[in-house]
Amino acid sequence: MSDAVRDGEDPLRAARRQKLEALRELGIDPYPVGFARTDEAAALEQRYAGLPAGEETGDTVRVAGRIRALRNSGMFIDLHDASGKIQVFSHKDHLPHDEIAKLRLLDIGDVIGVEGQVRRTPRGELTVNATALTMLSKALRPLPEKYHGLSDIELRYRQRYVDLIVNPESRDTLRRRSRIVAEMRAWLLARGYLEVETPMLHAIQGGASAKPFVTHHNALDLDLYLRVAPELHLKRLLVGGLADGVFEINRCFRNEGLSPRHNPEFTSLEIYIAYVGYIEMMRLTEGLLGHLAQAVTGGTTISYGGTTIDLAAPWPRRSMAELVEQATGIDFLALDAAGARKAASALGATLGAGAGWGHSLESAFALRVEDSLLQPTHVTGFPRDISPLAKADPADPRLVERFETYIYGWEIANAFSELNDPIDQRDRFEAQMQARAAGDDEAQPLDEDYVTALEYGLPPCGGLGIGIDRLTMLLTDSPSIRDVIAFPTMRPR
RNA sequence: GAGCCCGUAGCUCAGCCGGUAGAGCAACUGACUUUUAAUCAGUAGGUCUCGGGUUCGAAUCCCGACGGGCUCACCA
């Protein structure tokens, strides 16, 4: 009896441990260094696409991957690498006797290297006739069932490595996410914008209305916030003239509830471009998202959850008040703060202590309009009191030059003409401080240094933020944000 | 934070108006040897998430905890 069995280890793992020991007794290192492979599965499939069934080539290749299936006692092996599948044929006609004996020590899940000649079987499967098998990594745990795979949602997220091995859709989604970020970066760099990195650890939270995570720096004996947004630092770089357009693609952290559309850490693009206003940012949004859809799905018409969404530019621009009036018959622009509050409450809104006219309008919008904006729509006319970093609308002091782009009822982009008047900015911060004192713990505190930066002169600029996780959900038709995050936040088990 | 639902073998699932568990795949033993969800015969594998309660008896009913999903609230 092996140690494993004696220790009460699960018998499936014990069997594999015994095979591991058997390999070692044969003088085989089950975890050797490297393997000089010549080809990936997909490359072979492509190169030998014209090879007729039943034909042998005599071309020797070396492939490597994970055993996903063993048939006929190991005579046929499905070997999967990152590019695809290649079949391995282990027959005594090609393999020495002692190699054939080693087949008994192989398990589904093992990573092996194979040298052999390429052929296509009479049944049409591209195959490597193995002349040598090399154990590259012995797997001690069994893989999930071959047909249904791993469908337990919790296990898929907790053990993403298993999910990725057995579920091609999971691999595809995360690869598309990578592609989205790469294409986004390339598209922005091609337009001359500078990619930068700004602090994750903030002494003062700012840049968004959200609850932060707090951490502590020991040497400085200082509480720090994980950033809720990079906005204020990016605009400082614009003040400094580092470039006329700067962007950052990076993580933000918000200490809020989890849901199929919220993960405590998420990735956003934020970009600030000097000498343009929010209208230009609409065009940028349309251009960027259209390009990404094209790159990832091959077109600008996508399908999400059975809904067809047309991303072809231009997208309609509608003001928040107009949309709310259309949906409810209530013209918030004709109401004062008290009237708006009453109207929003009548629609079912629960408004906090410090809620003003803008909060009421926004609540009405969220309750009655948001979900209906399935096709891309730029929503403009945002209230000033919920937009402390946006430039006022010259035509209506209650509003700012801001828009949010809604797709499938979700806020996908948020942009404005950035407020660069340091005196106005200080007033806005002070209003936020009052809201904070009144109980709004998401109101943004005054960032004295940011105001100082504005006093040196921030060029007029447009800013834009896009949530990459939700965008990826849309472009990959993923029902949960956890599907597009490799390791979503989970409660420890 | 609230409501609803879920948790049975490594995986996918049956069993759930109470009588202490089954299948397929995976594993093991053997057969077969051009298969591809290989096939055939056999074997083994379970604190039924955990803790209480009701009961002669609980996977099953009740309560609580833990973990997960969805919805709502907060938010992107």
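Below, chain A is the first sequence line, B the second, and so on; all start at residue 1. We use all heavy atoms of the structure for the numbers below, so side chains are in, but hydrogens, waters and symmetry mates are not.
Of the residues in residues 401-417 of chain A, those lying under 4.0 Å from RNA chain B by heavy-atom distance are A:Glu411. Residues of residues 162-173 of chain A having a heavy atom closer than 4.0 Å to RNA chain B: none are found.
In this structure, the side chain of A:His359 engages the main chain of A:Gly356 through a donor-acceptor pair within 3.5 Å. In this structure, A:Arg428 contributes its side chain and A:Ser387 its backbone to a donor-acceptor pair below 3.5 Å.
Spacing between B:G24 and B:A14 at atom C1', rounded to whole Å, works out to 11 Å. The C1' atoms of B:C16 and B:U34 are separated by 47 Å, rounded to the nearest whole Å. A gap of 24 Å separates the P atoms of B:A44 and B:C32, to the nearest Å. For the P atoms, the distance from B:C72 to B:C13 is 26 Å, rounded to whole Å. Comparing the C1' positions of B:U54 and B:G64 gives an interatomic distance of 15 Å, to the nearest angstrom. Here, B:U29 and B:C17 have their P atoms 41 Å apart, quoted to the whole Å.
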Any N/O pairs under 3.5 Å between the protein and nucleotides 44-46 of chain B? List them or say none.
none

Are any protein N/O atoms closer than 3.5 Å to N/O atoms in nucleotides 21-23 of chain B? If there are, list each pair with its distance.
none

Contact list (N/O, under 3.5 angstrom) for nucleotides 31-33 of chain B vs protein:
from: B:C32; atom 1: N4; to: A:Ser73; atom 2: OG; distance (Å): 2.6
from: B:U33; atom 1: O2; to: A:Asn72; atom 2: O; distance (Å): 3.4

Quick one: which protein N/O atoms are closer than 3.5 Å to N/O atoms of nucleotides 5-12 of chain B? Pair and distance per line, please.
from: B:C11; atom 1: O2'; to: A:Glu145; atom 2: N; distance (Å): 3.3
from: B:C11; atom 1: O2'; to: A:Gly149; atom 2: O; distance (Å): 2.9
from: B:U12; atom 1: OP1; to: A:Ser151; atom 2: N; distance (Å): 3.1
from: B:U12; atom 1: OP1; to: A:Asp152; atom 2: N; distance (Å): 2.8
from: B:U12; atom 1: O3'; to: A:Ser151; atom 2: OG; distance (Å): 3.1

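If you look at A:Tyr225 and A:His202, their ring centroids are not closer than 6.0 Å. Between A:Tyr408 and A:Tyr304, a ring centre-to-centre spacing shorter than 6.0 Å is recorded. Note: A:Phe365 and A:Tyr406 meet the aromatic proximity criterion, with ring centroids under 6.0 Å apart.
Around CD of A:Glu195, the count of heavy atoms belonging to other residues, nucleotides or ligands within 6.0 Å exceeds 12. Annotation for A:Arg141: atom CZ does not count as buried by contact number, only 12 or fewer foreign heavy atoms lying within 6.0 Å.
Ion pairing between a basic and an acidic side chain is recognised when a charged N comes within 4.0 Å of a carboxylate O; A:Glu418 and A:Lys391 show no such pairing.
Remark: B:U36 base-pairs with no nucleotide; criterion is Watson-Crick or G-U wobble with both hydrogen-bond distances under 3.5 Å. Nucleotide B:C28 has B:G42 as its partner under the Watson-Crick or G-U criteria, with both atom distances under 3.5 Å. Under the Watson-Crick or G-U wobble criterion, with both distances below 3.5 Å, B:C72 is paired with B:G1. Across every strand in view, B:C66 sits in a pair with B:G7 that passes the Watson-Crick or G-U test at under 3.5 angstrom. As the counterpart of B:U60, no nucleotide is assigned, since no Watson-Crick or G-U wobble pattern has both distances under 3.5 Å. Under the Watson-Crick or G-U wobble criterion, with both distances below 3.5 Å, B:U20 is left unpaired in every strand shown.
Inspection of the A:Arg177 and A:Thr267 side chains reveals an N or O donor paired with an N or O acceptor under 3.5 Å.
Using a 4.0 Å heavy-atom cutoff across all strands shown, A:Arg491 reaches sugar-phosphate atoms only and no base atom. Residue A:Arg68 is classed as having no contact, given no heavy-atom separation below 4.0 Å to the nucleic acid. At the heavy-atom level, A:Arg141 lies nowhere under 4.0 Å from the strands shown. Residue A:Arg482 is classed as a sugar-phosphate contact, given heavy-atom separations below 4.0 Å to backbone atoms only.
B:C28 atom C1' lies 14 Å from atom CG of A:Leu105, rounded to whole Å. Rounding to whole angstrom units, CZ of residue A:Arg13 and C1' of B:C28 are separated by 18 Å. B:U36 atom P lies 18 Å from atom CG of A:Leu126, rounded to whole Å. Atom C1' of nucleotide B:U71 and atom CG of A:Leu258 are separated by 15 Å, given to the nearest angstrom. At whole-Å resolution of the value, CG in A:Leu351 and C1' in B:C74 are 14 Å apart.
By the side chain to side chain donor-acceptor pair (under 3.5 Å) test, A:Glu270 is found to be paired with A:Tyr272, residues two or more places apart in sequence or in another chain being considered. Residues passing the side chain to side chain donor-acceptor pair (under 3.5 Å) test with A:Arg156 are A:Asp163, A:Ser170, sequence neighbours excluded. Residues passing the side chain to side chain donor-acceptor pair (under 3.5 Å) test with A:Glu45, sequence neighbours excluded: none. Applying the side chain to side chain donor-acceptor pair (under 3.5 Å) criterion to A:Glu248, with sequence neighbours excluded, gives A:Thr198, A:Arg227, A:Asn250.
Closest approach of A:Gly206 and A:Val228 over heavy atoms only: O-CG2, 3.6 Å. Taking all atoms of both residues into account, the shortest heavy-atom contact from A:Ile100 to A:Ser90 is CD1-O, 4.0 Å.
Screening residues 72-81 of chain A for side-chain hydrogen bond (donor to acceptor under 3.5 Å, both in side chains), with sequence neighbours left out, gives A:Arg71-A:Asp78, A:Asp81-A:Ser83.
Considering only side-chain N and O atoms, A:Lys19 lies nowhere under 4.0 angstrom from the phosphate OP1 or OP2 of B:A27. Contact between the side-chain N/O atoms of A:Lys146 and the OP1/OP2 oxygens of B:A38 is found at a separation under 4.0 Å.
The side chain of A:Asp107 approaches B:C28 more closely than any other nucleotide in the set B:A38, B:G68, B:C28. Side-chain atoms of A:Asp78 lie closest to B:U36 of the nucleotides B:G68, B:U36, B:U34.
Rounded to the nearest 0.5 Å, atoms CG (A:Asp107) and CE (A:Met135) are 7.5 Å apart. With values rounded to the nearest 0.5 angstrom, A:Glu154 atom CD is found 10.0 Å from A:Gln159 atom CD. Here A:Trp410 contributes atom CH2 and A:Leu374 contributes atom CG; the two are 11.0 Å apart, rounded to the nearest 0.5 Å.
For the pair A:Thr350 and A:Phe89, both in contact range of RNA chain B, the more 5′-proximal nearest nucleotide belongs to A:Phe89.
Both cation-pi conditions hold for A:Arg119 and A:Phe89: the charged atom is under 6.0 angstrom from the six-membered ring centre and inside a 45 degree cone around its axis.
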Listed pairs under 3.5 Å, donor-acceptor, residues 58-70 of chain A side chains, sequence neighbours left out:
from: A:Asp59; atom 1: OD2; to: A:Tyr48; atom 2: OH; distance (Å): 2.6
from: A:Thr60; atom 1: OG1; to: A:Gln117; atom 2: NE2; distance (Å): 2.8
from: A:Arg62; atom 1: NE; to: A:Ala36; atom 2: O; distance (Å): 2.6
from: A:Arg62; atom 1: NH1; to: A:Glu115; atom 2: OE1; distance (Å): 2.7
from: A:Arg66; atom 1: NH1; to: A:Gly109; atom 2: O; distance (Å): 2.8
from: A:Arg68; atom 1: NH1; to: A:Ile165; atom 2: O; distance (Å): 3.0

